[in-house]
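Since the structure comes first, as structure tokens, the remarks are kept for the end.
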Amino acid sequence: MENIRVRFAPSPTGYLHVGGLRTALYNYLFAKKNNGKFILRIEDTDRNRYVEGAVENLIKALKWAGLDYDEGPDAGGDFGPYMQSQRLDIYKKHADELIAKGHAYYCFCTPERLQNLRAEQEKQKLPQAKYDKHCLSLSKSEVEKNLQSGIPYVVRLNVLPNQKIVFDDIIRERVEFDSNNVDDQVLIKSDGYPTYHLANVVDDHLMQISHVIRGEEWLSSTPKHVLLYDAFGWERPKFAHLPLLLNPDKSKLSKRQGDVAVEDYRDKGFLKDALVNFVALLGWNAGDDKEFYYMNELIDKFSLERVNKSGAVFDLQKLNWLNAEHLRKLSDEQLLVLLKEEILHSEFSSLNLADEHLLLIISAMKERVSFVKEFITTCQYFYTPPVEYEQKSVEKNWKQETPEQLKKLRDSFASIDNPTKEDYEHALAKTAEELNVGKGKLIHPLRLAVSGQSTGPGMFDLLFILGKDEVIKRIDTAIKKITIV
Ligand code: GLU
């Protein structure tokens, strides 16, 4: 196979959009699968959209997701610099080359003239505003004169009318555009910066990009790019335009309907493996029923041919489900590291909990949680005594005779040295027998007394994890605090 080189080419707008993560991921998977190179190029030529810290954020999010690139701003490589703002002379040189060849021209039209032109075209109800090639007819000496007198200008691509622009897309197959619908694109703006179109094509060529894999929103830019490749006399890369991401109501995925930044998902506690797994399935499947994948399996299975044309719905429920699945596949030791991190950011940061204690909580709760933080939020009673007792359960399970029965149970626990789970279980069975009641009569109020709740992990796991002294203290407190009305 040819030398595979692909790139993720974000414009730094402040954060990494989940759609951007999907694009980056597909590029990464394609490169890894085909022994190619994955390149990060920052397309920062729109100075109006410059956001402080955006590049650092982007890089952080990509690294968090495990999408390490072979070449990029901070990774080096033979084709740098990888920030477009550091390549301005390269674009200028290439624009000059197109002007010399007659494929591009200087345009000195004032913003007022362009505005009038647009208004005029709108009045005529033309489908889209287009530049009227006014400056194409300027003579060489007029151009020279204008340049010398410092009149602001842009450089435009000279799009010939009545041409069919045809290219093949790996996902969308044959795509055709009519050149009459393509504007004489600005290539160099009046501030001397290139537009996306010129910089993108020049860099993809110079960086020897073999496949351009990007979102469908760029499909309409591709005819302009194709014209540029042809004008330079360069071979075109292969194109693959990925389907749009949609909200459940099939509208384009937007901030209004939920989070779109990768860092939001990270901060909400989604595991990177789950998010990557989920995003991989937004528009691609391996052709089987499997939905749970690790990165190495995705690399193994991925192909652009299996990417869908139609939009992919962003289903948060599925992401939640995948998170729980991935979480359960982590070892207790891996979860311990994550839980300790989570505790540091919680109200329990000052508790000095031993690893063995946390490991017990993990093993008791692993099947019951979907997020690492739920090892804290759904079972706070492991970290602090209950301050309230679930009212419904009090009404149902706390009877007149309960305090006396629990006192007996408490005494029985107190008499055991270092009780094991089984010791608690035997003690409870024995007490129930002595009181001549079913075990449930003791278990429900006991759970309420030690945890404040009516559900949770196995009763005896719970007691064992809390430890005898704490259990006794909590039973005593509950007996004092719970009053039946
Ligand atoms: N800079 C464009 C973006 O922000 C890149 C599009 C492309 O990959 O060509 O997504």
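Only a predicted model underlies this, so the values are computations on that prediction, with no experimental measurement involved. Order of listing sets the numbers, starting from 1, for every ligand and every atom in it.
Of all heavy-atom pairs between Asp169 and Ile171, the closest is OD1-N, 2.8 Å.
Ligand 1 has an N or O atom lying under 3.5 Å from an N or O atom of Ala9, backbone or side chain.
In terms of protein heavy-atom proximity, atom 10 (O) of ligand 1 is closest to Trp218 CZ2, 3.3 Å. When hydrogens are left out, the protein atom nearest atom 8 (O) of ligand 1 is Arg7 NH1, 2.7 Å; that is the closest non-hydrogen contact.
By the 6.0 Å and 45° rule, Lys37 does not stack over the aromatic ring of Phe79. For Arg22 and Tyr26, the positive end sits near the middle of the six-membered ring, less than 6.0 Å away and at most 45° from its axis. With Tyr293 as the aromatic partner, Lys290 meets the cation-pi criteria of under 6.0 angstrom to the ring centre and within 45 degrees of the ring axis.
Of all atoms in ligand 1, listed by their number and element, those nearer than 4.0 Å to a heavy atom of Asn200 are 7 (C), 9 (O). Near Glu43, meaning under 4.0 Å from any of its heavy atoms, are these atoms of ligand 1: 1 (N), 2 (C), 5 (C).
Under 4.0 Å from ligand 1, the heavy atoms of Tyr196 that appear belong solely to its side chain.
Between the CZ atom in Phe8 and the CD1 atom in Ile39 there is a gap of 13.5 Å [rounded to 0.5 Å].
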